[in-house]
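Both backbone and side-chain heavy atoms feed into the values below; hydrogens, waters and symmetry mates do not. Since the structure is predicted, the reported quantities are computational estimates derived from the model, not experimental observations. Chain naming here is simple, since letters A, B, ... match the order of the sequence lines and numbering starts at 1 in each.
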Amino acid sequence: MKGKISLSTEFLGKKTKSPLVLPAGIMGMTWSGMRYVIENGCGIITSKSLTLESRSGHPGPVVAEFAGGLLNCMGLCNPGIIDGLAEINDFKKLMPEIPVIASVFATTAEDFAELSRYVNDSKSDFLELNLSCPNVMDEFGLPLAGSKEQVTDIVKLVKKVSKIPVIAKLSPNVTNLSEIAVTAEAAGADALCMINTLGPGMLVDIDLVKPVLSNRTGGVSGVCVKPIALRAVYESYSRVTIPIIGTGGIASGSDAVEMLMSGASLVGVGSAVYAGGIEVFNIINQGIAEYLKKHNYTNIGQIPRLEKLHEQA
Amino acid sequence: MKGKISLSTEFLGKKTKSPLVLPAGIMGMTWSGMRYVIENGCGIITSKSLTLESRSGHPGPVVAEFAGGLLNCMGLCNPGIIDGLAEINDFKKLMPEIPVIASVFATTAEDFAELSRYVNDSKSDFLELNLSCPNVMDEFGLPLAGSKEQVTDIVKLVKKVSKIPVIAKLSPNVTNLSEIAVTAEAAGADALCMINTLGPGMLVDIDLVKPVLSNRTGGVSGVCVKPIALRAVYESYSRVTIPIIGTGGIASGSDAVEMLMSGASLVGVGSAVYAGGIEVFNIINQGIAEYLKKHNYTNIGQIPRLEKLHEQA
Amino acid sequence: MSRRNTIAIARIVEETPTIRTFYFDYDLQAKPGQFIMLTDLANGEKPFSISECESDQFGVTIKKLGKFTSNLFEKQAGDLLSFRGAYGSSFSLKGNNILLTGGGYATPPLYYLCKELLRKGAQVTVVNGARTRDDLVFCERFENLGLEYKKITDAGCFGRAGTSVDIARELLSNNDYDMVYVSGPELMMKAMRELLQSYPGLNYEFLFERYMKCAIGICGNCTMDPLGIRLCVEGPVLAGHQVEKLTEFGEYHRNAAGKKEYFK
Amino acid sequence: MSRRNTIAIARIVEETPTIRTFYFDYDLQAKPGQFIMLTDLANGEKPFSISECESDQFGVTIKKLGKFTSNLFEKQAGDLLSFRGAYGSSFSLKGNNILLTGGGYATPPLYYLCKELLRKGAQVTVVNGARTRDDLVFCERFENLGLEYKKITDAGCFGRAGTSVDIARELLSNNDYDMVYVSGPELMMKAMRELLQSYPGLNYEFLFERYMKCAIGICGNCTMDPLGIRLCVEGPVLAGHQVEKLTEFGEYHRNAAGKKEYFK
Ligand SMILES: Cc1cc2nc3c(=O)[nH]c(=O)nc-3n(C[C@H](O)[C@H](O)[C@H](O)COP(=O)(O)OP(=O)(O)OC[C@H]3O[C@@H](n4cnc5c(N)ncnc54)[C@H](O)[C@@H]3O)c2cc1C
Ligand SMILES: Cc1cc2nc3c(=O)[nH]c(=O)nc-3n(C[C@H](O)[C@H](O)[C@H](O)COP(=O)(O)OP(=O)(O)OC[C@H]3O[C@@H](n4cnc5c(N)ncnc54)[C@H](O)[C@@H]3O)c2cc1C
Ligand SMILES: Cc1cc2nc3c(=O)[nH]c(=O)nc-3n(C[C@H](O)[C@H](O)[C@H](O)COP(=O)(O)O)c2cc1C
Ligand SMILES: Cc1cc2nc3c(=O)[nH]c(=O)nc-3n(C[C@H](O)[C@H](O)[C@H](O)COP(=O)(O)O)c2cc1C
Ligand code: FES
Ligand code: FES
């Protein structure tokens, strides 16, 4: 007498039909793009990271492929917080039941708080603080997520302002990621999202004798970052109690199960949209369902977790 | 009237027939393994990192494959400095003209100095300080290459002891790699080698609900780390004048040219020995030669370098 | 993403003072309607439609407009350029009695399409319009194909003044086409859609342009409201049944920052 | 590296009190002489030769020796194990009148080889030796193949006392074999090499064991002096012309730390 298999789950009080999250910067620029992704099996949307003013980003080439992944230096192009939230509102008008995470980027706690006020006035369900963009380091310096003090200041101030739950998006390019995770939790973050892109990395055109990306370097994403993402999530999961959106290199149902087993509550699927096509969400959902079936589970909550680090012998 | 194409070059005063270096931990355990690699086109040998006492390393599984690369947690298994140098000496008896880099690992400047004395009494041509192993962090803590003070102390002390040139092997898992490079140069290092493995990363067996590697996590190497290695070499090359052995994800002739263009003097080829077979050295040599031919160069010194960072507009 | 290729410009043909075709000796295997992303790795990277494509070479026909294209016009044969692609959807090649309607620098991709249609044995009529003589290209190439070919400019350089839509209107009312392919400025295509709405059973496909950054379907800059389909993956060629649903068509597009810009 | 697979043990056959065969329902497509790396992801990972291999199942025959194998002997059918492979070189399947000589728990891979040789139509004689009855395995399986089969133990359990080398010596002097395949303890194989040196034209292949860590040819732990070939890639099966050159054969091997250990 087995129940029907369901991929639905709850995240910070909101229901979603699938644990798959569209991460910031992938297809989340327009309300119709968000819709297209949801119609293809994604559960939750994250918007492109929005800044106070609009940004055109870096000139092209802004993406480059290599064995195992993608490099990108989009440079936080976005229409600015006002137009960006208008896209979210238009999407929520169409699909009110789909949770939307508004991602925002700034360099000071005050600007993050300012952005949060706008987001709280929108139909967004959650607020994500991008503390970790590696593609604007020339402009803004090291990722904020490298400094415990800055993470604390920003999260604390935003939490004062925001009525909707706050997610801190962390960078893998630090030596103490799980400590930053603990710091963000202590400062009041309601959830974590990790990882942002790795590196950055560089590729060279040996005929033109130039870096391939216009900004010279770009963040690494795609299947090759999966082991780093799994380790990051697992180490953080071992030390915090808030939920984690595990993102990085997920491209198949078994990848997603690995991520859930490592401690993620939801699973981000970004670069796989390029490598696997828009169908990738449905394919991953199907793969998770097959895993559940094989192990006689009916919902993703039954997927076992790895023993936490300190629980190990 | 064009000369014959040659891949030979000089490194710290020693001639090599190919710019390809076997990096530490790949096939460099036995004198005959070193020979086999040289007979297949490699130019310079690095030994497995040797420690004062012998180490059996971690139990298996110590390697795991994933899309784009390898994870390993060998755990610095090695026969100890005395037996390890005996293997090098046996190799040099057979092939005296091939430069050999003796890699050593320790956790204190004193132990590094002690290892250096042994190495100076061997037939090794160069001494490499592994400041960057990510697979023994549980045992030894964060990689030494993360701390400017430690890098300075170790390199300075070793340089007092060593008559043969000293190479510092650096980790990509720091936020300030090129600063560490500058620090190592300032402390007297004669050359740099980068990158050691990335991460570490983790993979999960979703049926056994366990990490695949016995040590849970392992360092990432292979084609997927190439962009990170290129960036690391390029940023360091922009700031130091000592030569760099560029290692990480090199698997083809054009990869090797990218690495040389990014500022490397020699190119390490490790994980590609698995993915491409022992033939990979000859294949890469051939690829470099084809590039030289296409651009009417006759030697690798003519391969142009990217403009250094600060030289850019 | 197909691999990036960096090769020398094989030759450059000056079509008009402001439009040139750049040829590359490379077997691109693109389908009609597809595009490449072209760059010199120093001045940005931009999308261009394939205007000719044989097994040993392909060409892109480029209008000098702003910074990127002006820079391109400084290049000579032998200079290296880098491209990735071909990307995107292609014309379906359906139809037996076919009308092609092009406008300005957007006409050349119809030339590659036209050659493929003729190879298939279809009967093809081509209308090529532009504002001025300087924007009217590929006339000779079309004429050499030996098919019904009409050219027109707003300025009336060839007798009559008008647009390609004016000619298409007449041709449609006097002929029994079973397929229409269109590539032109958005407002011209908007007029074509209105025209085609009087021919309910008639299939058609349009080649669109939207601001492209990644060209591989991830940045989301090139989606079309309200469907959300990406012009770089599901487009740039869209079929009539999709075009019918587009609410942003002829109204607005999104710029490099993703901000809506309305057509005037 | 072929993908890692984690599947349930299909069944376990107790060959002797200290030797068991573990079967897995999986189409491994291994060649005779190849091995897998087997693990439960909790107690290490070790190499084992394929002793049986059909399209729907394969088996590995394991001697209980130390920590890893003792732990394995606690497992039941249905328990999950994880393996990667098959790895390494394989027996060449050359020859028409063939002598197989096995020793102890190293004999089973010769069973898979034997079946493949018979399938090819070769004539095969098998010698199976071991120190005691408890180490002598696969007797019934070989007997069921209907070929010339000789078994012997040091202890003389089956009448005569001696080693498989003793029997091989007699067979070689009375028969005209064109190929010899050997798998056994190193010192037994050393004796076989000495014996085979009296038959200069006769081809042979040996299956070696060396301490393996990566099994994919990068750690360098399993190289054989003086050639430097890796037993996990160029081995574990080596041909006579290679074996002739090995200076470490029968002398020493390297342990988990890469330290030489001499055979006593
Ligand atoms: C699918 C597609 C096919 C195209 N095919 C051709 C072609 O065959 N020949 C041709 O001359 N032009 C073509 N274009 C347009 C071409 O990309 C622009 O003309 C070119 O980018 C102008 O760059 P610029 O710096 O010279 O001018 P700018 O001053 O930067 O821009 C001039 C115009 O080009 C548009 N444009 C600029 N950048 C982009 C971009 N990244 N993506 C899309 N549009 C952009 C702007 O919106 C503006 O309308 C095509 C565009 C698309 C989307
Ligand atoms: C190519 C190859 C094929 C093999 N096939 C079989 C087989 O079919 N059946 C079988 O019973 N055994 C086989 N072995 C040997 C088997 O791997 C060891 O018996 C097993 O590893 C013992 O592990 P343990 O922990 O139980 O014993 P331990 O007490 O650790 O060791 C006992 C013996 O096994 C050897 N050994 C231990 N670890 C390894 C290792 N990682 N690699 C190689 N040898 C090791 C030791 O040198 C020692 O001689 C094979 C070995 C190799 C290299
Ligand atoms: C083209 C591109 C743009 C991105 N833009 C953003 C962004 O604006 N904000 C952000 O927090 N992360 C951004 N990311 C990072 C992704 O959200 C995600 O964390 C990362 O790509 C790892 O996941 P993946 O391997 O599934 O792509 C971007 C990634 C890519 C590839
Ligand atoms: C199995 C394995 C063992 C390694 N052991 C060492 C080591 O002992 N000392 C060291 O400095 N680096 C070690 N490395 C790192 C390599 O030397 C090299 O820096 C890294 O693998 C990146 O190069 P690749 O991508 O070409 O493999 C090891 C790498 C691998 C894959
Ligand atoms: S240009 Fe990025 S999605 Fe189309
Ligand atoms: S076991 Fe590592 S090279 Fe053979």
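- For chain A, no part of I7(C) is nearby; none of its heavy atoms comes within less than 4.5 Å.
- Contacts of L227(C) with chain A are made by backbone atoms alone, with heavy-atom separations under 4.5 Å and no side-chain atom involved.
- Using a 4.5 Å cut-off between heavy atoms, M212(C) makes no contact with chain A at all.
- With a 6.0 Å radius and a threshold of 12 heavy atoms from other residues, nucleotides or ligands, K31(C) has its NZ atom at or below the threshold.
- Nearest heavy-atom pair, V273(A) versus G217(C), reported as atom, atom and distance to 0.1 Å: CG1-O, 3.8 Å.
- Here OH of Y36(A) is found 10.5 Å from OG1 of T223(C). Values are rounded to the nearest 0.5 Å.
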Show the numbers, then the answer: is there a side chain to side chain contact (heavy atoms under 4.5 Å, CB included) between I278(A) and E234(C)?
CA-CA 10 Å; I278(A) 197 78; E234(C) 288 84 14; 4.2 Å; yes
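- In this structure, K259(C) does not pair ionically with E87(A), as no charged nitrogen and carboxylate oxygen lie closer than 4.0 Å.
- Interface remark: of the candidates N78(A), V62(A), D90(A), V37(A), N78(A) forms the most heavy-atom pairs closer than 4.5 Å to chain C.
- Residue N5(C) holds its CG atom at 9.5 Å from CG of D207(A), rounded to the nearest 0.5 Å.
- The candidate from G84(A), P59(A), C77(A) with the greatest count of non-hydrogen atom pairs under 4.5 Å with chain C is C77(A).
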Pair V212(A), T39(C) - check side chain to side chain contact (heavy atoms under 4.5 Å, CB included), show working.
CA-CA 10 Å; V212(A) 171; T39(C) 181; over 6 Å; no
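- Atom NZ of K17(A) has more than 12 heavy atoms from other residues, nucleotides or ligands within 6.0 Å.
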Can you check side chain to side chain contact (heavy atoms under 4.5 Å, CB included) on R254(C) and T30(A), steps first, answer last?
CA-CA 9 Å; R254(C) 290 183 179 86; T30(A) 68; 3.4 Å; yes
Between R4(C) and E65(A), is the side chain to side chain contact (heavy atoms under 4.5 Å, CB included) condition met? List the steps.
CA-CA 8 Å; R4(C) 173 176 293 288; E65(A) 187 202 31; over 6 Å; no
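- Surrounding CD of E244(C) are more than 12 heavy atoms belonging to other residues, nucleotides or ligands, all under 6.0 Å away.
- Side-chain contact between V63(A) and E45(C) is absent, with no heavy-atom pair separated by less than 4.5 Å.
- Put simply, of S32(A), G60(A), G277(A), G270(A), the one with the most heavy-atom pairs under 4.5 Å next to chain C is S32(A).
- One distance of note links CE of M74(A) with SG of C219(C); it measures 4.5 Å at 0.5 Å rounding.
- Of the atoms belonging to E248(C), not a single heavy atom falls under 4.5 Å from chain A.
- By the 6.0 Å contact criterion, CG on L94(A) is enclosed, its count of non-hydrogen atoms from other residues, nucleotides or ligands being greater than 12.
- Neither the backbone nor the side chain of L213(A) has a heavy atom closer than 4.5 Å to any heavy atom of chain C.
- Atom OG in S82(C) sits 12.0 Å away from atom NZ in K210(A) (nearest 0.5 Å).
- Atom OG of residue S54(A) and atom CG of residue N255(C) lie 7.0 Å apart, to the nearest 0.5 angstrom.
- Once rounded to the nearest 0.5 Å, the distance linking CG of D205(A) with CG of D40(C) reads 10.5 Å.
- Using a 4.5 Å heavy-atom threshold, the side chains of P226(C) and R35(A) count as touching.
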